[in-house]
> 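A single structure is presented below for examination.
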Amino acid sequence: MFKTSPLVSTALALAFSCGLGTAAAQNGKESVKVTPLGGIAGEFCPQDRALVFEDPNGTRILYDPGRTVAGANDPRLGKIDIVLVTHLHGDHVGNAHNKAPNSGSCAQPDVSVSALPATSAVAIAVAKKAKIVSGSEMPAFFAAKLRANGGDPANAVLARFGGSVTVGGVRIATVTALHSNGVDPDYIGGELGKAMKEAGIAGDAGPATGYVLTFSNGLVTYLSGDTGILADHERVVRDHYHAKLAVMNMGDGFTTGPAEAAYVINDLVKPASVILSHANEVGTVGGKVRPGSKTEAFLKASKVPAYVPLSDRTLEFDAGGLCTAGCS
């Protein structure tokens, strides 16, 4: 019989243990953490868009920083490897931001700090030495902004419709969003920006986008950005990518309303779980869903477990899209 020395046995045991660790990650036993960075801790407020996704391997993705991330020095950010932007409207890319976390109130947040003309997304990417991943014609815009603000224009990374990039072990694919994507003249400035503003026109950065993220534990997550109802929700997001977790806008007026968003989730994407986004209202008071709100309407209509993104409260999801921590 072949016998191993204690040293070899220890090495084999360590290797076996590491193998099990890898297998555990691949089998979805490690969770993806999702932390909302909203305007008021413990609440879901009108301007809330930003989410931080943390892969089990440590990669951290800031999704649509918007106006509630208090600039690049927001202490809640920590390490950021990727800034993911769906479109260039100020409430997503960040044309202004809070003075500090919890500035103002849920109904009337203090977003008095201008981020123009750089945008919060660019300022954060420069400070964190992060990559900005975007689709459509947005990477050229971000490359120019990075260059103008002391960053590396090569950190503007393209993932156009039907393609994908893998950054930090997370695969990022771009999918369709039915929404506008004008470049505010204030981002351009100078005489050109002034003339555009006077004419009432915006620049063109191509169509708005959504994304599908595939994390290292196997979790596939759909990020809607701002969108209306699309056949792609069924044929691409569900049938091709098999998304198990969705982040769905439901604010109405500018995007899908609660009924339309619930239809997308219940009948088209059919994920295991959904996180609400972009309610454009005071969704909670004291951490409880406000009666009569659009937030309440969506929760009642959703046939899958739906989670309100209370600011600073981390949710965790397994490979199958099921919430494993922070779910209440």
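Both backbone and side-chain heavy atoms feed into the values below; hydrogens, waters and symmetry mates do not.
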> List the steps, then state whether side chain to side chain contact (heavy atoms under 4.5 Å, CB included) holds for Phe317 with Cys323.
CA-CA 4 Å; Phe317 295 89; Cys323 187; 3.7 Å; yes
> Nearest 0.5 angstrom please: Ser302 OG to Tyr307 OH, how far?
10.0 Å
> Is the closest side-chain heavy-atom distance between Phe53 and Leu223 below 4.5 Å?
yes
> Measure across Leu268 and Leu230 and return the closest heavy-atom pair with its distance rounded to 0.1 Å.
CD1-O, 3.8 Å
> Consider only side-chain N and O atoms of Glu43 and Thr284, and report whether a donor and an acceptor are under 3.5 Å apart.
yes
> Pick out which of Thr86, Asp226, Thr209, Thr227 makes a side-chain hydrogen bond (donor to acceptor under 3.5 Å, both in side chains) with His179.
Asp226
> Taking C-beta and beyond as the side chain, do Tyr241 and Arg171 meet within less than 4.5 Å on heavy atoms?
yes
> So, for Pro271 and Ala246, which heavy atoms are closest and what is the spacing to 0.1 Å?
CG-CB, 4.0 Å
> At their closest point, which heavy atom of His233 faces which heavy atom of Val237, and how far apart are they?
O-CB, 3.4 Å
> Determine whether Tyr211 and Val175 satisfy the following criterion, side chain to side chain contact (heavy atoms under 4.5 Å, CB included), listing intermediate values before the conclusion.
CA-CA 5 Å; Tyr211 297 101; Val175 294; 5.7 Å; no
> Verify the neighbour count for atom CZ of Phe161: are there more than 12 heavy atoms of other residues, nucleotides or ligands below 6.0 Å?
yes
> We want to know whether Thr35 and Glu54 form a side-chain donor-acceptor pair, criterion being a heavy-atom distance below 3.5 angstrom.
no
> Under the criterion side chain to side chain donor-acceptor pair (under 3.5 Å), I'd like the reasoning laid out for Asp81 against Thr59: C-alpha separation, chi angles, the key distance, then a yes or no.
CA-CA 6 Å; Asp81 302 291; Thr59 296; 4.7 Å; no
> Kindly compute the distance separating CG (Leu276) from CG (Asp48), expressed to the nearest 0.5 Å.
11.5 Å
> Taking all heavy atoms of Pro75 and all of Pro101, pick out the closest pair and write down the distance.
CD-CG, 4.3 Å
> Taking all heavy atoms of His87 and all of Asn181, pick out the closest pair and write down the distance.
CB-OD1, 3.2 Å
> Checking Asn249 against Ser224: is there a side-chain donor and acceptor pair closer than 3.5 Å?
yes
> Could you check whether any side-chain N or O of Arg76 sits under 3.5 Å from a backbone N or O of Gly38, counting only pairs where one atom can act as donor and the other as acceptor?
yes
> OG/Ser134 to CG/Leu88 distance, rounded to the nearest 0.5 angstrom?
7.5 Å
> Kindly compute the distance separating OG (Ser114) from CG (Asp186), expressed to the nearest 0.5 Å.
8.0 Å
